[in-house]
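To start, the structure under review is shown below, and the notes come after it.
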Amino acid sequence: MDLQAPDNLAGAGSRHAMPSHLRRLEAESIEIMREVVAELKHPVMLYSIGKDSSVMLHLAVKAFYPAPPPFPLLHIDTTWKFRDMIAFRDATARRLGVKLIVHVNREGLAAGMHPLTSGSAPYTRVMKTEALKQALDQFGFDAAFGGARRDEEKSRAKERIFSFRSRGHAWDPRNQRPELWNLFNTRINEGESIRVFPLSNWTELDVWQYIRSENIAVVPLYFAAERPVVERDGAWIMVDDDRLPLRPGERPQLRRVRFRTLGCYPLTAAIESQAASIDDIIAELQTARTSERQGRLIDTDEVASMEKKKREGYF
Amino acid sequence: MHTPAAARRQHEHECDLLRFITAGSVDDGKSTLIGRLLHDSRILYDDQLRALAEDSRRHGTAGEAIDFALLVDGLEAEREQGITIDVAYRFFTTGRRAFIVADTPGHEHYTRNMATGASNAELAVILVDARKGVLVQTRRHSLICALLGIHHVILAVNKIDLVDFSQATFDRIVGDYAAFAAQLGFTAVIPIPISARFGDNVVNRSGNMPWYRGPSLIECLETIPVEADAAVEKPLRFPVQWVNRLNSDFRGYAGTVASGRIQVGDTVVVATTGHSSRVKEIVTGDGPLAAGPGAAITVTLTDEIDVCRGDILVSPTARPEVSDQFAAHVIWMDNEPLMPGRSYLARLATKTTPITVTAIKYRIDPNSREHLAAPTLGLNDIAFCNLATAAPIAFDPYEANRRTGSFIIIDRSSNRTLGAGMIAFGLRRGANVHWQRLLLGKRQRAALKRQQPAIVWFTGLSGAGKSTIADLVEQRLHAMGHHTMLLDGDNVRHGLSRDLGFTEADRVENIRRAGEVAKLMVEGGLIVLCSFISPYRAEREMVRGLVAEGEFVEVFVDTPIDECIRRDPKGLYAKAMDGRIKNFTGVDAPYQAPPAPEIHLRTVGTSPEQMAESVVAQLIRKNIVPRA
């Protein structure tokens with residue numbers, strides 16, 4: 001892949017010149033997004049506020065330029081996201097002038113679903129998977145972009161870029177459509193839908209290098225700072241507000257921490273880190289000994305956990 | 001410093017990327033090999049290694065030792081059965097090269113997933129179990145790799161430890177494979193003896209085989225020269241993916257450059273229509289002046305010419321072929337067989353078009369590569385076929401251009417991806433038989449008869465009442481002074497389709513003939529009543545596609561099977577249920593009811609005369625016949 005840019009635009013100024021493999025990944029993602037808009041009636045972009053969503057949204061702005069992205073953003077809010085995430089979400093939607101739909105599973109909340117007391121598996125099913133299905137059905141979306149990458153997890157490594165879902169939003173991993181070349185089969189019948197993963201072939205490092213190269217804003221929680229945390233089962237959990245029930249003997253302490261991945265704050269572990277800039281994060285990743293999703297407690301709550309969630313309709 | 005993320009992709013400075021697959025028969029050790037590659041390249045994180053040790057105890061097939069296959073067999077069913085079902089993609093870097101590896105399944109049933117992985121690969125590592133030698137799947141996968149344009153093969157003779165690191169065994173397998181692969185046109189086949197389980201010659205060279213002096217697998221992957229993407233040297237192909245209509249002043253054509261270069265000022269031609277214009281701007285967020293293969297861009301043109309999704313903008317001096325017929329290799333990937341004559345959808349570059357296989361020239365035996373006659377194709381069959389599209393399309397031979405020479409075949413009702421094809425060459429048989437332009441057309445012929453020509457297509461089970469109702473409708477139309485013709489399934493089989501039986505393939509051909517005849521009669525301005533069981537939705541849709549919008553009226557004569565059996569006017573159900581007639585619709589052959597017929601007749605409790613009246617009334621409402 002090959003783009004010749006005038007010196008005063010791409011790759012100039014304070015931005016790092018984009019390496020060729022990133023341009024290749026960028027072009028692949030843009031092609032995927034355009035395909036969805038050309039072929040499906042009512043697409044939506046799942047916006048989870050994290051770094052991958054930031055990259056995906058940036059790519060959408062580029063894909064349809066000079067037109068704005070021709071689809072709304074959908075955030076499935078569990079009401080347990082970090083406060084910084086919600087502030088960032090609202091500021092981003094305002095800045096880009098895109099339509100943002102926020103959906104909460106109110107019945108789940110009314111039934112008392114809680115990230116710590118309900119158990120992480122039922123909580124995730126009700127407040128994320130069920131909530132997502134409710135929103136997709138309510139608005140009649142026939143395609144939903146997600147920021148998942150194949151390098152994140154074993155079952156994600158197996159999923160197609162265009163992942164077909166039956167009427168009940170279920171994924172059948174044993175019977176996926178063959179996906180040859182760049183010829184994506186986008187055809188569906190009434191009530192069926194497609195989940196689309198434009199970042200399938202990106203790695204965590206690619207995402208950060210692209211963020212640096214394109215100067216993309218991300219939630220401040222990714223950068224190391226003194227934050228109040230408690231050590232729980234070997235993980236640093238941030239006390240983001242007074243809703244976190246403290247166990248006997250737990251006293252919040254200030255630690256210099258950051259997050260590699262962002263979810264519901266009681267279920268997302270921080271890492272101790274000095275990385276306060278994107279350059280620091282990239283340097284830290286290159287010496288890391290643990291994987292990105294290690295901090296996501298919901299991934300390991302049962303055997304073949306992610307695949308099971310995905311079959312039920314989780315992203 | 002060698003740490004997982006650094007090795008996963010170290011592209012602070014540029015290094016080239018190699019996409020490869022592992023292929024070969026089930027149990028030859030493909031997943032184990034990739035797991036071993038990742039492990040010995042030290043690119044796994046501590047928590048992943050801990051999870052692997054835990055998984056190996058639970059699901060492993062290597063006793064107490066680590067089962068590396070579990071690193072890539074990510075689906076629950078795969079871990080339970082110890083086989084690979086679907087392709088997994090892994091990303092890693094050794095510092096000398098970045099790799100995307102697709103671990104593909106060896107099981108014959110999942111060949112379509114192997115082809116999925118191979119379609120974007122530049123190199124294949126084909127594994128052979130040293131104890132078993134070259135198997136049918138080894139040959140099938142090699143053939144698919146060759147057809148998909150993979151030129152480089154590493155022949156990894158695995159489990160060499162189980163044959164005592166025997167050079168004689170290795171040499172014999174290499175000889176067997178070379179004899180088979182000689183005709184496949186690979187640029188290079190590099191044989192390496194390995195043990196994926198114990199790591200011999202995977203990353204580190206083995207001390208167990210002093211007779212082998214070649215590179216380890218990873219050394220080979222790092223250094224093998226893969227022809228740099230020559231797509232930039234090829235003529236411009238820019239398939240238009242999406243038209244960006246920001247406002248009335250802006251009309252941008254968004255797409256990805258398939259080959260060649262495009263820059264401001266270049267003359268470009270729409271391949272199918274021949275209309276030309278110049279590139280006014282290349283619009284992206286970054287404002288480039290020129291773009292090459294793989295770039296996702298938006299272009300504007302200086303003239304207002306008709307361009308839409310599916311069109312290809314091309315170089316005026318080196319244009320692609322434009323034809324509605326071509327020959328291609330087809331890999332069939334569905335349990336439903338390929339039926340010549342049946343209407344499918346094809347996706348070629350950004351174009352979706354109806355397509356039929358007009359002839360299966362031959363099927364290729366994956367084992368002997370013999371050419372065999374085949375009336376239909378089954379799951380995993382590979383064949384050379386002639387195909388026809390509904391309208392002329394632009395394409396290149398697959399060898400010349402992967403992106404404009406490949407297509408997939410999609411089922412019209414289930415939307416499943418049924419097969420994949422690689423175009424060999426265009427067929428110009430139709431091109432020299434030009435359409436004779438006639439002064440009179442169907443409009444003039446129909447105007448004289450004061451009617452709109454149409455096909456009124458009665459479908460339903462045998463004994464449903466199709467012919468009875470069609471006959472009554474024709475009588476009424478005739479009495480009203482209209483010009484009609486009735487084609488009846490049974491009568492057509494006495495003449496036009498005398499040579500056909502009742503297999504699925506013959507039924508498809510029968511409907512194709514009837515449809516073409518009905519179309520000629522529509523050209524003649526007639527209202528054509530057709531009464532055919534026509535059990536398959538795809539064929540009815542094919543006939544619908546032969547005539548203009550609104551000229552095909554599907555009438556579903558809906559009689560439940562129990563009622564048809566009770567009536568059994570010709571005694572056929574009794575024979576079918578005794579097994580004296582085979583392939584009888586509703587008994588041992590399927591009937592696919594129309595999901596949205598123009599006219600739906602529920603026959604139980606209504607007389608044929610009432611239903612005929614209702615059909616005529618609806619034809620009046622559709623303005624096919626004027627109000628009396």
Side-chain angles (χ1 to χ4, degrees), chain A residues 1-6 9-10 19-21 23-24 26-28 30-31 34-35 37-38 61-67 150-151 153-158 173-174 176-183 185 187-189 200-201 203-206 209 285-291 294 303-304 307-308, chain B residues 1 3-6 8-9 11 14 17 45-48 72 74-77 85-91 98 100 112-113 115-116 119-120 232 241-242 244 246 250 254 256 283-296 298 309 333 347 402-403 406-408 410 415-417 420:
Chain A
M1 117 122 243
D2 174 15
L3 266 182
Q4 233 175 47
L9 285 165
S20 66
H21 79 278
R23 272 191 264 129
R24 186 169 160 159
E26 177 189 67
E28 179 185 271
I30 287 176
E31 179 177 24
R34 288 171 172 172
E35 196 60 24
V37 165
V61 170
K62 282 189 137 181
F64 304 101
Y65 178 86
R150 284 170 173 160
D151 81 324
E153 200 274 337
K154 284 190 294 276
S155 63
R156 286 194 163 160
K158 293 266 167 182
R174 301 198 55 175
Q176 301 194 79
R177 289 177 175 176
E179 190 167 86
L180 289 96
W181 303 289
N182 60 333
L183 297 177
N185 178 353
R187 300 183 67 85
I188 51 170
N189 286 320
S200 287
N201 290 327
T203 66
E204 186 186 11
L205 197 52
D206 295 329
Q209 291 184 338
L285 276 180
Q286 287 175 332
T287 58
R289 292 278 353 150
T290 55
S291 73
Q294 198 211 13
V303 178
E307 179 187 347
K308 213 161 163 196
Chain B
M1 172 123 194
T3 58
R8 189 159 276 103
R9 231 187 238 169
H11 24 51
E14 310 254 322
L17 173 74
Y45 291 116
D46 291 347
D47 55 309
Q48 291 172 325
V72 271
L75 300 176
E76 210 171 356
I85 291 171
D86 214 326
V87 54
Y89 298 89
R90 299 294 302 235
F91 310 84
I100 299 179
R112 59 173 180 265
N113 297 333
T116 290
S119 69
N120 288 314
V232 70
Q241 195 183 8
W242 179 69
N244 191 343
L246 175 63
F250 184 85
T256 300
V283 189
T284 73
D286 301 320
L289 303 172
T298 301
R309 174 173 164 85
M333 301 174 167
R347 175 69 198 281
R402 275 196 191 193
R403 279 206 159 200
S406 54
F407 60 94
I408 56 170
I410 300 168
N415 294 319
R416 287 198 308 276
T417 302

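Numbered from 1 within each chain, the chains take letters A, B, ... in sequence-line order.
- Ranking Glu179(A), Arg156(A), Glu31(A), Arg174(A) against chain B, the residue ahead of the rest is Glu31(A), based on heavy-atom pairs under 4.5 Å.
- The minimum heavy-atom distance linking Asn185(A) with Arg416(B) is given by the pair ND2-C, 3.8 Å.
- Ile85(B) has its side chain out of reach of Lys158(A): every pair of non-hydrogen atoms, C-beta onward, lies at least 4.5 Å apart.
- Between Asn415(B) and Ile188(A), the closest heavy-atom pair is ND2-C, 3.3 Å.
- In this structure, CG in Asn182(A) is found 7.5 Å from CG in Asn120(B), a value given to the nearest 0.5 Å.
- Closest approach of Asn244(B) and Phe64(A) over heavy atoms only: ND2-O, 3.0 Å.
- Both the backbone and the side chain of Arg347(B) come within less than 4.5 Å of a heavy atom in chain A.
- Note that OG1 of Thr417(B) is 11.5 Å distant from CD of Gln176(A), once rounded to the nearest 0.5 Å.
- Pairing each heavy atom of Tyr65(A) with each of Thr298(B), the nearest pair is O-OG1, 4.3 Å.
- Contact annotation: the side chain of Arg24(A) approaches that of Leu17(B) to within less than 4.5 Å [non-hydrogen atoms, C-beta and beyond].
- Across every non-hydrogen atom of Ala27(A) and Gly294(B), the tightest pair is CB-O, 3.1 Å.
- By the 4.5 Å heavy-atom criterion applied to side chains, Met333(B) and Leu180(A) are counted as neighbours.
- Side-chain atoms of Arg150(A) and Ile100(B), non-hydrogen and from C-beta on, never get closer than 4.5 Å to each other.
- For Ile410(B), the part sitting under 4.5 Å from any heavy atom of chain A is the side chain, from C-beta outward, and nothing else.
- Nearest heavy atoms, Tyr45(B) versus Ala288(A): CE2-O, 3.7 Å.
- Residues Val283(B) and Pro66(A) are in side-chain contact: their nearest non-hydrogen atoms beyond the backbone lie under 4.5 Å apart.
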